[in-house]
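So the structure is just underneath, and the comments pick up after that.
Because only heavy atoms are used, hydrogens play no part in the values below, and waters and symmetry mates are left out as well, while side chains stay in. Order of the sequence lines sets the chain letters (A, B, ...), proteins ahead of strands, with each chain counted from 1.
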Number of protein chains: 2
Amino acid sequence: MSEDDRIYTACVLVIGNEILSGRTKDANIGWLAEKLTAAGIRLREARVIADVEDEIVRVVNELRAKYDYVFTTGGIGPTHDDITADCVARAFGVELVEDPEAIRRLLKNYADPKDLNAARRRMARIPVGGIMIDNPVSAAPGFQIGNVYVMAGVPRIMQAMFDGIRGRLKGGKPMLSRTLSVELPEGKMAEGLGALQNRYADLEIGSYPFFRLGKPGSAIVIRGTDKARLDTAIGELAEMMRGLGGNPVEDA
Amino acid sequence: MSEDDRIYTACVLVIGNEILSGRTKDANIGWLAEKLTAAGIRLREARVIADVEDEIVRVVNELRAKYDYVFTTGGIGPTHDDITADCVARAFGVELVEDPEAIRRLLKNYADPKDLNAARRRMARIPVGGIMIDNPVSAAPGFQIGNVYVMAGVPRIMQAMFDGIRGRLKGGKPMLSRTLSVELPEGKMAEGLGALQNRYADLEIGSYPFFRLGKPGSAIVIRGTDKARLDTAIGELAEMMRGLGGNPVEDA
């Protein structure tokens with residue numbers, strides 16, 4: 001088996017009371033889902049948990065044992081509710097120490113060195129054995145330790161951090177995807193779709209209903225890593241849709 | 001202790017490959033977070049998992065033991081990838097049986113009784129011991145069994161379902177929240193915020209940075225169930241902000 005055939009899995013762990021209270025709407029899960037899929041990494045799970053130390057430690061340890069990659073967002077700022085770095089260090093059983101390069105970067109970011117107060121210095125701490133993740137937006141770095149990637153919660157910063165580490169991440173064969181939309185309710189196609197899924201157990205067939213101008217329609221997504229199989233299945237799907245009086249259109 | 005003093009907890013469980021692939025952006029977690037918070041129910045966790053039977057069964061059992069309420073979204077349509085009802089029945093160790101009232105509702109929804117084919121009849125199945133959740137949008141019901149509420153994934157349908165069950169849900173004291181925004185970076189206030197949090201351990205103080213017209217600002221959210229304590233803490237927070245040269249503004 002070549003290395004390509006390995007499947008790489010991931011989980012996104014969103015840490016923050018503001019998401020669970022509804023005050024802030026998470027945008028990181030969806031963004032990372034797209035990027036990971038494009039990188040040949042399968043996002044298997046996403047979780048949102050509160051700013052509770054024991055819970056974060058427990059969940060980080062659970063997830064890093066289960067998936068190839070864990071990406072956390074949130075909780076790495078300068079205030080008392082920013083406890084992600086402390087929790088990840090505790091999960092790995094290592095010290096959290098001030099990183100001289102991180103201090104240099106923070107200093108460069110402030111007009112007056114005195115602005116780097118004790119609270120802001122906390123943002124320069126990295127667990128022993130971890131390496132920095134660059135923050136081109138506001139200097140304070142994230143970090144990687146083992147298979148855990150700790151990033152900011154602010155989407156603009158998180159996205160810049162992820163773009164910086166993207167090159168380090170190993171992925172498997174990219175998941176290919178084709179979608180046919182049709183003005184047929186999914187209930188009409190359900191039997192045919194089930195049969196198609198049975199014939200193509202190596203592909204993943206999803207059915208997503210929608211309404212357009214008051215008419216029910218369905219988007220059928222077929223995903224898999226083998227282009228030839230995917231194309232054949234899409235051909236059979238289009239035929240099935242036409243047989244039911246539909247006019248399938250491929251989504252871009 | 002009056003019943004009011006009990007804390008009611010909840011988890012939202014989003015089931016669907018389309019969220020994890022990035023094809024569909026979840027909107028249900030944020031919407032439910034707001035509604036649950038308003039209902040005096042604490043959303044402690046949200047999870048997104050794939051359409052994998054064993055995984056769904058395991059997670060439903062984990063979460064229903066841990067929280068007062070579990071709200072699932074997704075996977076209750078007519079196609080082969082709609083396996084939530086089967087999984088929830090398996091998690092509870094009960095049969096999934098066709099509900100005559102659900103069949104009546106589905107029949108009323110189709111022009112021709114023949115349109116209620118075998119695939120669509122699957123949507124009328126409810127686990128033994130469960131009760132229906134009305135679907136005023138497209139007839140096919142959700143259901144409640146024990147502390148698990150199974151709802152559709154399409155936001156418009158999920159929202160209508162939740163509005164219908166809202167009256168059945170018991171909540172505790174509502175979580176009150178006040179927010180002061182100020183044109184000060186959170187790093188400048190961090191020490192004061194930490195001290196404030198220490199003095200008000202019964203309140204939850206969150207700090208959320210933002211940029212407005214290129215200037216760094218912070219929204220400080222204080223939450224708690226005791227209005228008098230919350231108001232006093234907000235007063236102290238405003239004073240602290242003014243002491244640092246800020247001009248705090250209360251968010252609506």
Side-chain angles (χ1 to χ4, degrees), chain A residues 12 14 16-27 29-38 42-51 77-82 115 117-120 122-123 154 175 177 179 186-191 193-194 197-198 204-210 221 223, chain B residues 12 14 16-27 29-38 42-51 77-82 115 117-120 122-123 154 175 177 179 186-191 193-194 197-198 204-210 221 223:
Chain A
V12 170
V14 174
N17 294 344
E18 71 280 18
I19 307 292
L20 294 170
S21 74
R23 179 188 181 273
T24 304
K25 301 295 177 279
D26 170 70
I29 293 173
W31 190 90
L32 284 167
E34 276 192 60
K35 292 286 175 169
L36 292 169
T37 299
R42 314 278 176 91
L43 180 60
R44 293 269 207 236
E45 180 177 344
R47 276 197 212 186
V48 186
I49 61 172
D51 302 326
T79 54
H80 64 280
D81 56 336
D82 289 304
D115 285 340
N117 57 26
R120 284 171 167 156
R122 293 179 71 238
M123 298 192 290
V154 175
M175 183 63 99
S177 176
T179 301
E186 56 174 1
K188 268 210 170 142
M189 295 183 289
E191 197 187 332
L193 289 175
Q197 178 70 83
N198 284 339
E204 200 183 285
I205 305 179
S207 172
Y208 307 107
F210 60 78
V221 180
R223 305 170 75 230
Chain B
V12 170
V14 174
N17 294 345
E18 71 280 18
I19 308 292
L20 294 170
S21 75
R23 179 189 181 272
T24 304
K25 301 296 176 281
D26 170 71
I29 293 173
W31 191 89
L32 284 167
E34 276 192 59
K35 292 286 173 168
L36 292 169
T37 299
R42 313 280 175 91
L43 180 60
R44 294 268 206 234
E45 181 178 345
R47 275 197 214 186
V48 186
I49 60 173
D51 302 327
T79 54
H80 64 280
D81 56 335
D82 289 304
D115 284 340
N117 56 27
R120 284 171 168 155
R122 293 179 71 238
M123 298 192 290
V154 176
M175 184 63 99
S177 176
T179 301
E186 56 174 2
K188 268 209 170 141
M189 295 183 288
E191 197 187 332
L193 289 174
Q197 177 69 82
N198 285 340
E204 199 184 287
I205 305 179
S207 172
Y208 308 106
F210 60 78
V221 180
R223 305 169 75 228

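- The parts of E186(B) that come within reach of chain A are both its backbone and its side chain, each placing non-hydrogen atoms under 4.5 angstrom from that chain.
- A distance of 14.0 Å separates CG of L193(A) from NZ of K188(A), quoted to the nearest 0.5 Å.
- Only the side chain of Y208(A) comes within contact range of chain B, with heavy atoms under 4.5 Å apart.
- S21(B) pairs by the side chain to side chain contact (heavy atoms under 4.5 Å, CB included) definition with T37(A), R223(A), R23(B), not counting sequence neighbours.
- In terms of heavy-atom pairs under 4.5 angstrom with chain B, the leader among I29(A), N198(A), L20(A), T79(A) is L20(A).
- Counting heavy-atom pairs closer than 4.5 Å to chain B, the top-ranked of the candidates A190(A), G30(A), G187(A), P209(A) is G187(A).
- Contact count versus chain A (heavy atoms, under 4.5 Å) is highest, among N117(B), I49(B), D115(B), V154(B), for N117(B).
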- request: Decide yes or no on side-chain contact (heavy atoms from CB on, under 4.5 Å) for L32(A) and L43(A), but give the supporting numbers first.
  value: CA-CA 9 Å; L32(A) 284 167; L43(A) 180 60; 5.7 Å; no
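- Contacts of I205(A) with chain B are made by both backbone and side-chain atoms, with heavy-atom separations under 4.5 Å.
- Residue contact with chain A, scored on non-hydrogen atoms closer than 4.5 Å, is absent for K35(B).
- Both the backbone and the side chain of E45(A) come within contact range of chain B, judged by heavy atoms closer than 4.5 Å.
- Here R120(A) is the residue among M123(A), R120(A), K25(A) with the most heavy-atom pairs under 4.5 Å with chain B.
- The nearest pair of heavy atoms linking D81(B) to G206(A) is OD2-CA, 3.3 Å.
- For R44(A), the part sitting under 4.5 Å from any heavy atom of chain B is the backbone (N, CA, C, O) and nothing else.
- In terms of heavy-atom pairs under 4.5 Å with chain A, the best-connected choice from V48(B), T24(B), I19(B) is V48(B).
- Listed by chain and number, the residues in a side-chain hydrogen bond (donor to acceptor under 3.5 Å, both in side chains) with N17(B) are E204(A), D51(B) (sequence neighbours excluded).
- The candidate from P78(B), G22(B), G194(B), A46(B) with the greatest count of non-hydrogen atom pairs under 4.5 Å with chain A is A46(B).
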